[in-house]
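This report concerns only the one structure given below.
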Amino acid sequence: MTINEFLIEEATLQWFGELGYAALHGPMLAHGEPLAERDSFGDVVFAGRLREAIRRLPPAMPEEARATIQRFVQVQLGRSLNS
C-alpha cells in the first residue's frame, strides 16, 4: 500500500480547520520571518505558545509548578526528537 503524504496532510489540515484552528505554512514560521515563533529549526517548542497555554491553567496552581511543567515539556520533546 502506498501512502500519499499530500492527501494525509490536506485531510489533517481540513480536520483541524473544522475544529477552529488556523494553519500557516512552515516557511512563514521559519526563524527570521515576520511570523517566526522560534529562533532556529532546532527549537521544537514554540515557547510563547507553551507559556500562554500554561498561563491558562487554573489560577491556584503555584508558579513553581508552572515552571516545572514548562521545563518538563521542553525536555521531553527534545528527548523524543533525539530517540
Side-chain angles (χ1 to χ4, degrees):
M1 176 168 93
T2 302
I3 296 176
N4 185 322
E5 292 181 24
F6 175 77
L7 292 177
I8 294 171
E9 181 178 1
E10 287 301 309
T12 303
L13 290 173
Q14 180 180 348
W15 180 61
F16 277 116
E18 291 169 1
L19 291 173
Y21 291 93
L24 297 173
H25 293 283
M28 295 173 66
L29 301 173
H31 58 280
E33 294 298 321
L35 298 176
E37 295 190 45
R38 56 184 167 195
D39 295 327
S40 77
F41 287 119
D43 296 342
V44 297
V45 176
F46 290 164
R49 290 186 189 206
L50 176 59
R51 279 191 301 276
E52 180 61 25
I54 291 171
R55 187 191 64 74
R56 291 191 309 264
L57 292 172
M61 180 176 286
E63 193 57 40
E64 178 59 32
R66 294 169 191 273
T68 299
I69 291 168
Q70 182 165 345
R71 284 191 305 273
F72 177 81
V73 169
Q74 290 177 310
V75 167
Q76 292 304 313
L77 284 175
R79 284 185 185 156
S80 70
L81 291 177
N82 295 323
S83 299

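Just so you know, these numbers come straight off a predicted model, no measurement behind them.
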#### Entry: Gln14 versus Glu18, side-chain donor and acceptor atoms under 3.5 Å
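Gln14 and Glu18 do have a side-chain donor-acceptor pair below 3.5 Å.
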### Query
Does CG in Asn4 sit with more than 12 non-hydrogen atoms of other residues, nucleotides or ligands closer than 6.0 Å?
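Yes, because the 6.0 Å sphere around CG of Asn4 holds more than 12 heavy atoms from other groups.
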Considering all heavy atoms of both residues, which atom of [X] and which atom of [Y] are nearest to each other, and what is their separation?
X	Y	result
Arg38	Ser40	CD-O, 3.2 Å
Leu24	Met28	CD2-CE, 4.0 Å
Leu29	Leu35	CD2-O, 3.5 Å
His31	Ala36	CA-CB, 3.9 Å

### Task
Quick one: pull up OG1 in Thr12 and CG in Leu7 and give me the separation to the nearest 0.5 Å.
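Between atom OG1 of Thr12 and atom CG of Leu7 there are 10.5 Å.
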### Task
Show the numbers, then the answer: is there a side-chain contact (heavy atoms from CB on, under 4.5 Å) between Gln70 and Arg51?
CA-CA 7 Å; Gln70 182 165 345; Arg51 279 191 301 276; 3.4 Å; yes
### Query
Can Phe46 be reached from Val73 by stepping across I, L, V, M, F, W or Y side chains whose heavy atoms are under 4.5 Å apart?
no
### Query
Are Met61 and Ile54 co-members of a hydrophobic cluster defined by side-chain heavy atoms under 4.5 Å apart?
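Same cluster: Ile54 reaches Met61 through Ile, Leu, Val, Met, Phe, Trp or Tyr contacts under 4.5 Å.
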### Query
Under a 4.0 Å N-O cut-off, is there an ion pair linking Glu52 with Arg55?
yes
### Query
Between Arg66 and Ile69, does a side-chain contact (heavy atoms from CB on, under 4.5 Å) hold up when you go through it step by step?
CA-CA 5 Å; Arg66 294 169 191 273; Ile69 291 168; 5.5 Å; no
